Amino acid sequence: MPAQDIASSALASAPAGAFLTIDLDALVANYLAIRELAKGSEVAGVVKARAYGLGLAPVARALWGAGCRTFCVATAGEGATLRGLLPDATIYILSGLIAGAADAYEAHGLRPCLSSLAEVEEWRALAKRRGRSLSAGLQFETGLNRLGIAGREAERLISTPEALSGVDVTLVMSHLGCADEADHPLNRHQLERFRAIRAAFPGVTASLANSAGVHLGAEYHFDLVRPGIALYGGNPFTGRANPCRPVVGLQGRILDVREVASGETVGYGAAFEAKGPRRIAVIAMGYGDGFFRALGSDRQRSHVGGRVHIAGHYAPIAGRISMDLISIDVTELSEGAIKRGDLAELIGPHVTLDEVATRAGTIGYEVLTNLGDRYKRIYTGAGCSTTES
Ligand SMILES: *Cc1c(COP(=O)(O)O)cnc(C)c1O
């Protein structure tokens, strides 16, 4: 929802310092675009970390409505919450099986992506106690060297089928380390290793690609792809245009507009100094909302910082970002162009998520997963128009 719509709606008088808008139609459009790209493969929705900060319930329901039936989260806790929302979904736990916690996974019908022989053993032990086989994925190491069954353990598992008795293997997967760089040699290396592994599990659903992996081409798609960031409008690539539709907008409320005399400083650490008379506007949000402190400017460190868009102009962030407040320099705007209660765009069509990430020295993933709970959240589209504070 753009700033002018919020300003002219009932929300105008909401006691909110900042509005986070989430366009569920854009989310669904991104999901369908990936389905088109990965034709013939199932598209699972990766909704870990509260759907990358956007909110698990509205995102999961919108994806389900678009036909998504398989979901991936990182932890069993996230899986249990998701199970409460989607009783019939297939849910994989990407971070594997926490030692001693197998019962909790089974209680919620979660499928761990078993990532070591120790995890396989625990899952098998539970299956034995239950007297029936239990579904799970197998996560294999192919080059990322993070999580996954590796080396001798992988060989043993493949050469001795009894090692998996009691486990109903429903997914064989691995994860790419450099998919955001299409020409990186690790991609092909991982692809070849994964091909060899999946050949040992004929008929089992195989999955390698995250969002960027989907764009590497059909040979990376296998039976199921696992996009996250591309659903949420972040850029899956490094150094290439973002192919996804933006999903998230962020607008901050102006609390006050004030004059600052030449030579005065603004904010903590006196990091901004007025070279001549300046007009400064104060926005009602800060790093306590999950907005990045690295977007502040600092004259001592010649750090430029970020910018916002307001009344048709860009205004630079003036000095350090506080926990609850951000100062911006609006001297270039004509006097009276903005007033108390107006909204500034911090993420949107003029200040993109990618720009915010780059200027904060991070990636869109981290900007999204940091989106705070103090924002007034407005969900639009996908048959839903609700606000959740
Ligand atoms: C987070 C994650 C994904 C999704 O990655 P994106 O780059 O956001 O598409 C897929 N697979 C695994 C194992 C993950 O951890």
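Every number for a ligand or one of its atoms is a count from 1 in the order of the listing. Predicted model, so just to flag it, every value in this text is computed and none were measured.
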Exercise. Do any N/O atoms on Arg226 end up under 3.5 angstrom from N/O atoms on ligand 1?
Worked result: yes
Problem set entry | For ligand 1, the portion of His175 having any non-hydrogen atom under 4.0 Å away | side chain
Problem set entry | Lys/Arg N to Asp/Glu carboxylate O, Arg188 vs Glu219, below 4.0 Å | yes
Exercise. Hey, what do you get for CD1 (Ile22) to CG (Leu20), rounding to the nearest 0.5 Å?
Worked result: 4.0 Å
Problem set entry | Interfacing atoms of ligand 1 (cut-off 4.0 Å, heavy-atom, Tyr365) | 6 (P), 7 (O), 8 (O)
Exercise. Would Thr70 and Glu42 count as having a side-chain donor-acceptor pair, cut-off 3.5 Å?
Worked result: yes
Problem set entry | atom 9 (O) of ligand 1 [closest protein heavy-atom partner, distance rounded to 0.1 Å] | Ser211 OG, 2.5 Å
Problem set entry | Protein residue, atom and distance nearest to atom 2 (C) of ligand 1, heavy-atom basis | Lys48 NZ, 2.5 Å
Exercise. Can you tell me if Arg279 and Thr331 form a side-chain donor-acceptor pair at under 3.5 Å?
Worked result: no
Exercise. Is the closest N or O pair between Ile229 and ligand 1 shorter than 3.5 Å?
Worked result: yes
Exercise. Does the side chain of Arg226 pick up a donor-acceptor pair with the side chain of His175 at under 3.5 Å?
Worked result: yes
Problem set entry | Check ion pair Arg132-Asp168 (N to O, under 4.0 angstrom) | no
Seminar exercise, completed: For Tyr52, the atoms of ligand 1 under 4.0 Å from one of its heavy atoms are 1 (C), 4 (C), 5 (O), 6 (P), 8 (O)
Problem set entry | Mode of Leu94 contact toward ligand 1 - side chain, backbone, both, neither (heavy atoms, under 4.0 Å) | side chain
Seminar exercise, completed: Here the atoms of ligand 1 under 4.0 Å from any heavy atom belonging to Arg146 are 15 (O)
Problem set entry | Arg340/Asp256 ion pair, N-O < 4.0 Å | no
Exercise. Would Tyr379 and Thr21 count as having a side-chain donor-acceptor pair, cut-off 3.5 Å?
Worked result: no
Problem set entry | ligand 1 versus Pro227: contacting region, heavy-atom distance under 4.0 Å | backbone
For this session: Give the residue and atom name of whichever protein heavy atom lies nearest to atom 5 (O) of ligand 1, and the separation in Å to one decimal.
Result: Asn210 CB, 3.4 Å
